[in-house]
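Below: the structure, in structure tokens.
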Amino acid sequence: MYKKLISMVVALIVVPVLFTGCLGSDKTEETTKTEAAVETKTEAAVETEVKDAKVIKISMGVNDKHPSYLAAVKFGEIIAEKTNGRYDVQVFANAQLGDDIKATEAVKMGNLEMAIPSASPLVGLDPDLNVLDLPFLFPNTKAADAVLDGPVGQKIAQKLEDNGLHLLAYYENGFRNITNSAHEITTPADLKGLKIRTMENKIHLAAFKAMGANPTPMPFSELFTAMQQETIDGQENPIPTIYLSKFNEVQDYCTLTEHVYGPHLLLINKDLFESMTPEDQKIFTDAATESKLYQRETNRAMAADYVEKLRAEGMIVTELTAEQKQAFKDACAPVYKEFEELIGKDLIDEVQAVIEKNK
Ligand code: TK8
């Protein structure tokens with residue numbers, strides 16, 4: 001299936017893209033830049049190309065091997081096919097159009113059509129988003145699906161909607177695991193003194209402090225270099241990202257902590273979506289759902305397969321016993337109290353009730 005998708009990508013065209021950022025409070029920053037970006041055109045898009053096709057650019061931080069990228073390409077193919085090429089969906093990997101926060105801000109402002117960020121760096125949009133970041137909340141993907149595809153997921157989507165962002169689907173980033181270059185980690189004490197990059201998210205920072213590490217937030221695009229130059233000792237991400245981004249080239253150890261489950265959000269500018277005909281809205285929504293199922297399936301297969309691939313390439317991948325995992329959980333327990341007021345006890349209870357029923 002993977003091969004088939006790759007073969008569907010028929011043309012790689014380098015185009016200069018003018019991207020104007022409109023990006024928050026840092027006014028001293030250069031907000032306009034021209035970047036060379038790689039546009040991937042799908043077979044369907046090429047076949048059905050029409051002159052004045054509406055261009056839909058999708059930005060993401062992960063690379064073009066990641067399931068979120070592959071699914072976005074599929075999403076574009078479905079739309080091109082169903083609209084006879086009236087839309088030209090172009091997918092941009094590697095944060096070429098900005099990291100998660102910047103790209104999402106651009107979508108919100110209408111300077112970019114779509115993005116697939118992690119939810120964690122977007123918590124500034126609404127406190128409710130924080131609920132997904134509570135450490136060791138989700139026991140498995142079944143529970144995560146039940147939360148995200150159910151009323152809680154809709155509640156979060158509404159908060160995004162209030163911010164000018166229409167959520168088309170919850171793709172999966174997945175369960176996050178710690179990697180580092182210093183030594184094997186089996187207890188929270190092993191994290192002591194290690195500088196660990198987290199996403200730009202207060203709960204993640206608090207959780208890593210509580211587990212004994214020295215966490216530092218950073219955008220994803222700066223991560224590989226920071227590990228390579230050893231300005232940080234480690235990071236945490238799902239297995240597909242660790243393997244596909246070749247983090248094992250600069251990190252020797254990985255511990256399967258699965259401390260946070262995170263989605264990748266398939267977001268479109270709300271005004272753009274609302275300007276479409278109901279028929280086109282349905283085509284976009286259906287394509288999102290179809291690509292979501294493919295994305296999750298692919299991501300889960302990779303998460304299972306790539307542990308062995310990482311080992312085969314020399315990484316020491318450590319599975320924790322239930323007792324060992326419990327020690328990390330216990331260390332993180334105070335974080336729930338710390339953020340209860342911000343998130344709201346009702347929402348936390350609601351999520352935990354759904355998880356209880358679906359684990
Ligand atoms: C990519 C990110 C990435 C996330 C991170 O833009 O930042 O560590 O896991 O997938 O969304």
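In each ligand, atom 1 is the first atom listed, and ligand 1 is the first ligand listed. Just so it is clear, the model here is predicted, and its values are computed rather than measured. Reckoned from all heavy atoms, side chains included, excluding hydrogens, waters and symmetry mates.
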- prompt: Taking it one step at a time, do Leu256 and Ile239 satisfy side-chain contact (heavy atoms from CB on, under 4.5 Å)?
  reply: CA-CA 9 Å; Leu256 303 177; Ile239 291 291; 3.8 Å; yes
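- The side-chain hydrogen bond (donor to acceptor under 3.5 Å, both in side chains) analysis of residues 112-127, with sequence neighbours excluded, yields the pairs Ser118-Asn173, Ser120-Asp133.
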task: Output, in order, the C-alpha distance, side-chain angles, deciding distance and verdict of side-chain contact (heavy atoms from CB on, under 4.5 Å) for Thr255 and Asn177.
output: CA-CA 6 Å; Thr255 298; Asn177 303 296; over 6 Å; no
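- In this structure, Asp286 contributes its side chain and Ile283 its backbone to no donor-acceptor pair below 3.5 Å.
- For residues 215-232, the side-chain hydrogen bond (donor to acceptor under 3.5 Å, both in side chains) pairs, not counting sequence neighbours, are Asp99-Ser221.
- At a 4.0 Å heavy-atom cut-off, the residues surrounding ligand 1 are Gly61, Val62, Asp100, Ser118, Asn173, Arg176, Arg197, Met199, Phe220, Asn237, His264, listed by chain and number.
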May I have the list of side-chain donor-acceptor pairs in residues 193-200 shorter than 3.5 Å, sequence neighbours left out?
residue: Arg197; atom: NE; partner: Met218; partner atom: O; Å: 2.9
residue: Arg197; atom: NH2; partner: Met218; partner atom: O; Å: 2.8

